[in-house]
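Here is the structure we will look at.
Throughout, residue positions are numbered sequentially from 1 according to the sequence presented. The shown structure was predicted, so the numbers you read here are calculated from the model rather than taken from an experiment.
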Amino acid sequence: MGLPYPAEPVSDHGRMAEGDTILRAAQRFEVTIVGETIAASAPNPRGRAAGIEKLDGLRLERISAHGKHLIFDFGALSLHSHLGMSGGWHFYRAGQAWRRPRRSAWAVLSGGGWDAVQFGGPTLRVLPSGRLRLDPQLARLGPDILAADFEMGKVIRAMRADPDRDLGDALLDQHVVAGIGNIFKSEACFAAGVDPWRPVGELSDAELEEVLQAARAQMQAAVREGGRHRFSIYRRHRAVCPRCRGPISSRGQGDANRTTYWCPRCQA
């Protein structure tokens, strides 16, 4: 089966993989190895410790994305993958040369003439499917910003539970809304013309909805375009704002000190 796009790695080198990257990875799996009986191996000890080899000979029944997490359903067993800032899934036709050494692969899932390979990342684990469904790390995730049935009202209510919290910090809380990372936090606030430093309690429901809608639309576009999204202000500190030609500012925000980019004039 062919891919509707090049068989290039699905990863975000140097930044946290956001929901658009994870959804694109799920779509790659859908058109390559979902439905196939899988030959699973773990060339790197990290993958063996995760139990990857337990999946060998099982059928990959389905895959789902929720925010920044990928869940692989193998029936009685499931695989949970989170790429973080260092991980990536690569897709190769059987026999094709890999871009990285085989010994560095944490997981190799082969089937249907394809090799899907994970390199790096903070989370890779095989668990009984029943246990994974009850896993607190996943159960606490907020609504997926890219889900077909995205629950806007639920997210706004969750934001309002902490009215003194800065908007930019709230957007990164995966327990409030799953999938938004540092790029689309900044880009969505800019698109909506809303200051990411304003406390949530000072913002109207309409303003919060506009920011969330902007993040959703931009991330959907990134999925369609294969990740080739053109950023307006992200990583453009001291550059010129494309809207007002004023200077773009940046500084760390929240407990994690993730850098926020914004235009002090357009988003005042």
Side-chain angles (χ1 to χ4, degrees), residues 1-75 77-127 146 179 181 183 219 221-229:
M1 181 182 295
L3 284 174
Y5 27 63
E8 59 192 19
V10 181
S11 59
D12 285 296
H13 302 297
R15 71 172 178 94
M16 181 72 74
E18 303 189 23
D20 63 306
T21 299
I22 301 307
L23 183 55
R24 284 193 293 118
Q27 291 175 346
R28 295 275 179 97
F29 279 103
E30 288 283 357
V31 297
T32 54
I33 67 171
V34 169
E36 300 288 342
T37 297
I38 299 302
S41 61
N44 187 278
R46 174 64 179 81
R48 292 194 288 275
I52 293 299
E53 292 165 326
K54 296 176 184 178
L55 304 174
D56 188 53
L58 301 182
R59 180 176 181 269
L60 177 54
E61 298 183 2
R62 64 186 59 84
I63 187 169
S64 59
H66 190 117
K68 302 177 182 181
H69 301 261
L70 275 174
I71 306 298
F72 301 73
D73 183 354
F74 287 87
L77 294 177
S78 290
L79 172 64
H80 173 209
S81 167
H82 185 291
L83 298 178
M85 295 184 69
S86 60
W89 280 101
H90 296 202
F91 294 81
Y92 302 102
R93 293 191 181 277
Q96 181 183 356
W98 294 5
R99 298 189 181 191
R100 296 180 59 177
R102 184 177 181 84
R103 65 181 179 276
S104 64
W106 287 13
V108 183
L109 306 178
S110 302
W114 289 92
D115 295 327
V117 189
Q118 180 172 328
F119 296 98
T123 301
L124 186 69
R125 54 184 182 148
V126 175
L127 295 171
L146 289 174
I183 289 178
M219 294 173 74
V223 172
R224 291 193 303 271
E225 296 161 7
R228 295 180 293 275
H229 183 74

Does [X] reach the main-chain N or O of [Y] with its side chain, forming a donor-acceptor pair under 3.5 Å?
| X | Y | answer |
| --- | --- | --- |
| Glu18 | Ile183 | yes |
| Arg59 | Glu36 | no |
| Glu30 | Thr32 | no |

How far apart are the closest heavy atoms of [X] and [Y], and which atoms are they?
| X | Y | result |
| --- | --- | --- |
| Gly111 | Ile33 | O-CG2, 3.2 Å |
| Ala65 | Leu70 | CB-CD2, 4.2 Å |
| Ser110 | Asp115 | OG-OD1, 2.6 Å |
| Thr37 | Gly57 | CG2-O, 3.5 Å |
| Ser41 | Arg102 | OG-NH2, 3.6 Å |
| Ser86 | Gly121 | OG-N, 3.4 Å |

When Trp89 is tested against each of Trp106, Trp114, Phe119, Phe72 for ring pair (Phe, Tyr, Trp, His ring centres under 6.0 Å), which residue passes?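 With Trp89 as partner, Trp106, Trp114, Phe119, Phe72 yield a single ring pair (Phe, Tyr, Trp, His ring centres under 6.0 Å), made by Phe72.
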Phe91 and Phe29 aromatic ring geometry - parallel, tilted or perpendicular at 30°/60° bounds: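 If you compare the ring of Phe29 with that of Phe91, the planes turn out perpendicular.
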Could you tell me whether the side chain of [Y] reaches within less than 4.5 Å of the side chain of [X], counting heavy atoms only?
| X | Y | answer |
| --- | --- | --- |
| Ile52 | Leu79 | yes |
| Ile38 | Leu58 | no |
| Gln27 | Val223 | yes |
| Thr123 | His80 | yes |
| Ser64 | Asp73 | no |
| Leu124 | Ser81 | yes |

Please lay out, stage by stage, how Ile22 and Leu83 fare under the test side chain to side chain contact (heavy atoms under 4.5 Å, CB included). CA-CA 8 Å; Ile22 301 307; Leu83 298 178; 3.9 Å; yes
Rounded to the nearest 0.5 Å, how far apart are [atom1] of [X] and [atom2] of [Y]?
| X | Y | atom1 | atom2 | value |
| --- | --- | --- | --- | --- |
| His66 | His82 | NE2 | NE2 | 11.5 Å |
| Gln96 | His90 | CD | NE2 | 11.5 Å |
| Lys68 | Asp20 | NZ | CG | 10.5 Å |

Side-chain H-bond candidate by donor/acceptor type, Asn44 with Ser104, under 3.5 Å: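 Note: Asn44 and Ser104 side chains miss the donor-acceptor criterion.
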